[in-house]
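Below is one structure; the comments refer to it alone.
Proteins come first, then strands; the chains are lettered A, B, ... in the order of their sequence lines, and each starts at number 1.
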Amino acid sequence: MEKIKVKFSNGSEILYDKGITFSEILDRSFSDLKDKAIAAKINGELVDLDEKLLYECLLEFITPDSPEGEKIFWHSTSHIMAGAVKDLFPEVKLGIGPAIEEGFYYDFDRDTPFSLEDLEKIEKRMNEIVKNDFPFQRRKLPKSEALMLFKKENETYKIEIISELEEDTVTLYEHDRFIDLCRGPHLLSTGMIKSFKLIKVAGAYWRGSEKNRMLQRIYGISYPTEQKLKLYLEKIEKAKERDHRKLGKELELYSFYEEAGAGLVFWHPKGAVIRKTIEDFWIKEHQMAGYELVYTPHIAKLELWKKSGHTDFYAEYMYQSIRAEDEEYQLKPMNCPFHMLIYQSKIRSYRDLPFKLAELGTVYRYERSGVLHGLMRVRSITQDDAHIFCSPEQLEDEVIKLLDFTLHLLKSFGFSDYQIYLATRPEKFIGETKDWDKATDTLKIALKKHQLEYNMDEAGGAFYGPKIDLHIKDALGRPWQCTTIQFDFNLPERFDLTYVGEDGKPHRPFIIHRALLGALERFFGVLIEHYAGAFPLWLSPVQVVVMPITSEIKNYARKVADLLLKKGLRVKLDDRSEKINYRIREAEIQKIPYMFIVGKREEKENKVSVRKHRKGDLGTFELDEIVSQLTKEIEDKTTGL
RNA sequence: GCCGAUGUAGCUCAGUGGUAGAGCAAGUGAUUUGUAAUCACUAGGUCAGAGGUUCGAAUCCUCUCAUCGGCUCCA
């Protein structure tokens with residue numbers, strides 16, 4: 001019998017008979033993993049455990065604890081769910097059923113959507129399938145046979161997928177009476193899924209396109225133990241506690257009104273303080289980075305938007321134009337054309353470049369009703385916008401500086417966890433290919449220089465230029481695009497922008513269009529969730545609350561509060577005749593960073609007793625001492641003490 | 001926009017065809033408190049809005065608005 005050498009990730013090497021299955025290798029050499037492993041990974045490729053060892057390889061066993069293992073586990077569960085659905089509702093047609101970041105889904109074509117009662121029935125049937133411990137059987141078929149098989153079942157979506165596959169043979173997986181097109185790998189049998197839950201139903205267009213039929217999607221999650229499922233569900237519940245929509249209400253930060261309109265944000269006093277603090281910081285930083293601040297109107301003649309091209313390519317997001325004195329005006333969906341006008345207001349020389357215009361400009365976009373989401377997607381959007389006009393020679397340096405600036409800003413708000421995407425030329429584009437390549441390379445160079453990991457979003461750029469996008473996840477793990485750094489090859493052409501070069505001739509400037517926080521509304525949303533509402537001192541709407549223990553100490557408490565106010569701190573005095581515990585509790589719930597508690601002792605010694613949010617009593621401090629500590633904490637933008 | 005769910009007091013929620021409820025918050029009074037809820041009383045609602053069915057609608061039906069979970073797009 002031919003022997004084959006297998007290497008393992010711990011460096012060891014073992015010889016096995018050719019043709020032995022990976023399950024058998026488990027039995028023989030890794031009995032501890034035997035009940036846990038659900039797939040094998042040979043030279044980086046995932047395969048079923050019942051596949052045979054045929055060549056020398058690096059072998060690794062996958063358990064449901066690893067991200068790869070979870071995916072396999074969830075994918076198998078989605079097959080079980082689809083099997084259950086077909087058993088209960090034989091008329092449905094199958095769409096696709098992949099594992100996703102957390103769990104799995106399966107799309108079904110059915111005239112009536114699934115109800116919550118249907119889900120219960122499906123879960124029940126799934127339980128039976130799990131109990132029966134059916135094996136997952138892999139079958140390789142020539143494409144033509146697979147097509148015939150699905151034609152017989154009238155599975156039109158499967159037929160569509162198979163027809164588009166390039167391979168000659170396809171893999172099918174079968175358990176019980178259910179058979180599905182699938183690359184695999186899968187669990188050995190259905191019995192391994194000890195615990196699962198169907199979470200929600202939703203409509204989803206076939207292949208994500210609104211032109212196609214809407215299918216019924218069922219989402220679910222599964223784990224190898226009950227305990228893990230429970231932990232997952234608890235995690236979700238806990239994450240909901242930091243949802244900015246819940247905290248926004250509890251902390252009175254902002255609101256929406258049915259009578260005002262969906263997606264239109266009202267910043268309440270406490271939210272407004274935070275916004276103003278962000279804006280002041282942002283303006284100061286931008287001025288230091290060589291930007292010049294501008295303000296532009298909220299509407300402009302429709303003609304301008306025709307010139308910029310927005311009426312062609314952005315019409316679906318624009319509100320209807322407004323008519324006044326035989327002239328059409330348009331509420332602005334972007335700030336760009338206005339900055340172009342300012343650039344054009346005089347002849348620019350190469351000596352003026354880079355020319356950087358910055359504006360916290362509120363734009364209005366008609367986002368479709370179904371996509372609105374708290375502060376994350378609204379219709380009144382305050383972009384932290386800027387346009388950098390520069391020469392080709394300055395491009396690289398500017399992008400590198402820009403990325404540096406971005407990371408610095410985000411870090412100031414405590415963000416270091418984000419996903420970066422580099423989006424390249426789409427099929428439909430304007431401008432010269434060579435400019436696109438240069439711009440894309442410049443973005444790549446900048447990313448490399450900062451040693452940032454990024455994902456390619458091939459052909460994902462805007463039609464007017466490539467871009468770097470940066471996504472931050474919310475409490476429930478949903479990604480939201482914040483930073484965007486985009487090249488714009490459209491506007492310089494449309495507005496015929498030029499600068500006079502050293503040679504005395506006109507040249508076309510490059511434009512980098514960027515929003516670093518993205519939009520104040522969305523950024524505030526992710527900020528709330530990032531800090532779970534407990535903002536660092538520099539951002540807290542109320543920084544200190546002063547509480548006298550009894551009304552006898554009122555005057556001293558007021559004196560302390562006045563002094564803090566004079567030092568520029570945001571202070572509240574809580575001298576209600578409630579018990580101190582009651583007032584502390586309230587301040588804790590409001591997530592106020594510091595409580596200064598004063599009684600007879602403190603008054604006598606001219607001190608304050610300091611309590612920190614979530615941490616408790618820090619002891620007594622001299623007023624000067626604690627004020628300078630807090631001032632430093634504000635300057636450092638830390639969470640302090 | 002599409003699919004589904006939801007909308008009752010400031011907030012969280014109970015109430016499924018027969019006179020609108022609770023807790024917290026609010027107001028008043030008492031209490032003078034030492035590090036996460038003192039007590040009592042009072043007030044508060046066109047049951048999202050409009051139309052319909054019914055002797056009678058928070059409850060059943062239709063439409064509109066809004067919110068939530070998705071699809072798609074994006075700051």
Spacing between A:Glu259 atom CD and B:U46 atom C1', to the nearest angstrom = 15 Å
Enumerate the residues from residues 233-250 of chain A whose closest heavy atom to RNA chain B is under 4.0 Å, giving them by residue number; use none for an empty result.
-> A:Arg245, A:Lys249
Does A:Arg368 make a side-chain donor-acceptor contact with the base of B:C73, cut-off 3.5 Å?
-> no
Round to the nearest Å and state the distance from A:Leu375 atom CG to B:C68 atom P.
-> 10 Å
Considering just the side-chain nitrogens and oxygens of A:Gln481, establish if one lies under 4.0 Å of OP1 or OP2 belonging to B:A75.
-> yes
For the side chain of A:Tyr219, counting heavy atoms from C-beta on, which of B:G4, B:A75, B:C71 is nearest?
-> B:C71
In Å and rounded to the nearest 0.5 Å, what is the OH to OH distance from A:Tyr106 to A:Tyr219?
-> 15.0 Å
Using a cut-off of 4.0 Å between protein heavy atoms and nucleotide atoms, how would you tag nucleotides 31-38 of chain B 5' to 3' with B, S and -?
-> BBBBBBBB
With a distance cut-off below 6.0 Å to the six-membered ring centre and an angular limit of 45° from the axis, does A:Arg110 pair with A:Phe108 as a cation-pi contact?
-> no
Under a 4.0 Å N-O cut-off, is there an ion pair linking A:Arg379 with A:Glu367?
-> no
Report yes or no: is the cationic atom of A:Arg611 (NZ for Lys, CZ for Arg) under 6.0 Å from the centre of the six-membered ring of A:Tyr594, at an angle within 45° of the ring normal?
-> no
Does a salt bridge link A:Glu241 with A:Lys238, judged by any charged N lying under 4.0 Å from a carboxylate O?
-> no
Quote, to the nearest angstrom, the C1' distance that separates B:U6 from B:A48.
-> 11 Å
Residues within residues 209-217 of chain A bordering RNA chain B, heavy-atom distance below 4.0 Å | A:Glu210, A:Met214, A:Gln216, A:Arg217
Hey, are A:Lys572 and A:Asp574 close enough for a salt bridge, meaning a charged N less than 4.0 Å from a carboxylate O?
-> no
If a pair satisfies salt bridge (Lys or Arg N to Asp or Glu O under 4.0 Å) and one of its residues is in residues 211-221 of chain A, list it, with sequence neighbours excluded.
-> A:Asp107-A:Arg217, A:Asp109-A:Arg213, A:Asp111-A:Arg213
Between A:Asp575 and A:Arg583, does at least one N-O distance fall below 4.0 Å, as a salt bridge requires?
-> no
Is A:Gly518 touching bases, backbone alone, or none of the nucleic acid, heavy atoms closer than 4.0 Å?
-> sugar-phosphate
Any chance you could measure A:Leu470, atom CG, to A:Leu517, atom CG, to the nearest 0.5 Å?
-> 11.0 Å
Evaluate the criterion side-chain contact (heavy atoms from CB on, under 4.5 Å) for residue pair A:Asn212 and A:Glu210; output intermediate values, then yes/no.
-> CA-CA 5 Å; A:Asn212 295 334; A:Glu210 281 165 50; over 6 Å; no
Would you call A:Arg207 and A:Glu164 a salt bridge, taking side-chain N to carboxylate O under 4.0 Å as the test?
-> yes
Considering only NZ, NE, NH1 and NH2 on the basic side and carboxylate oxygens on the acidic side, decide whether A:Arg125 and A:Glu120 come within less than 4.0 Å.
-> no
Send over the distance from A:Glu316 CD to B:C74 C1', rounded to a whole Å.
-> 10 Å
Under 6.0 Å from the CD atom of A:Glu101, do we count more than 12 heavy atoms belonging to anything else shown?
-> no
Evaluate whether atom CG of A:Asp280 has more than 12 neighbouring non-hydrogen atoms of other residues, nucleotides or ligands under 6.0 angstrom away.
-> yes
Integer-rounded Å distance: B:A75 C1' and A:Leu410 CG = 13 Å
Quantified in whole Å, what is the C1' atom distance between nucleotide B:C55 and nucleotide B:C3?
-> 39 Å
Record whether the side chain of A:Arg522 comes under 3.5 Å of the base of B:C74 through a donor-acceptor pair of N or O atoms.
-> yes
Among A:Leu293, A:Thr382, A:Thr296, A:Asp384, whose side chain to side chain contact (heavy atoms under 4.5 Å, CB included) with A:Glu359 holds?
-> A:Thr296
Would you classify A:Gly374 as touching base, sugar-phosphate or nothing, given that sugar-phosphate means primed atoms plus P, OP1 and OP2, and contacts are heavy atoms under 4.0 Å?
-> sugar-phosphate
Length of the line joining A:Leu116:CG and B:G70:C1', which is rounded to integer Å = 14 Å
Rounded P spacing from B:A22 to B:A43 in Å | 12 Å
Integer-rounded Å distance: B:A5 P and A:Asp118 CG = 11 Å
Salt-bridge test for A:Lys246 and A:Glu529: reply yes if a basic N is under 4.0 Å from a carboxylate O, no otherwise.
-> no
For A:Asp109 and B:C3, give me the distance from atom CG to atom P, rounded to whole Å.
-> 14 Å
At under 4.0 Å between heavy atoms, what does A:Ala262 touch on the DNA or RNA strands: base, sugar-phosphate, or nothing?
-> sugar-phosphate
Would A:Val399 and A:Phe487 satisfy side-chain contact (heavy atoms from CB on, under 4.5 Å), going step by step from the backbone distance to the final call?
-> CA-CA 10 Å; A:Val399 174; A:Phe487 276 90; 4.0 Å; yes
Do the side-chain N or O atoms of A:His373 get closer than 4.0 angstrom to the phosphate oxygens (OP1, OP2) of B:G69?
-> yes
Has the side chain of A:Tyr366 got a donor or acceptor that lies under 3.5 Å from a partner of the other kind on the base of B:G1?
-> no
Expressed as a whole number of Å, how far does the P atom of B:U35 sit from that of B:C24?
-> 23 Å
Dot-bracket, RNA chain B: Watson-Crick or G-U, under 3.5 angstrom, [ ] crossing, | other strand?
-> (((((((..((((....[..)))).(((((.......))))).....(((((..]....))))))))))))....
SB check A:Lys356 A:Glu398 (cutoff 4.0 Å) | yes
Of A:Pro113 and A:Gln486, the one whose nearest nucleotide on RNA chain B sits closer to the 5' end is A:Pro113
Could you check whether A:Val378 gets within reach of a base, just the sugar-phosphate, or nothing at all, counting any heavy atom under 4.0 Å?
-> base
Between CZ of A:Phe463 and P of B:C73 the distance, given in whole Å, is 17 Å
Rounded C1' spacing from B:A50 to B:C13 in Å | 27 Å
Quantified in whole Å, what is the C1' atom distance between nucleotide B:G21 and nucleotide B:A37?
-> 23 Å
So which protein nitrogen or oxygen atoms get under 3.5 Å of nucleotides 47-49 of chain B's nitrogens or oxygens?
none

Base, sugar-phosphate, or nothing for A:Arg379, non-hydrogen atoms under 4.0 angstrom?
-> nothing
P atoms of B:C39 and B:G44, separation to the nearest Å | 24 Å
Can you tell me, in whole Å, how much space there is between the C1' of B:G51 and that of B:U42?
-> 38 Å
Mind checking the CZ-CG spacing from A:Phe104 to A:Leu198? Nearest 0.5 Å is all I need.
-> 6.0 Å
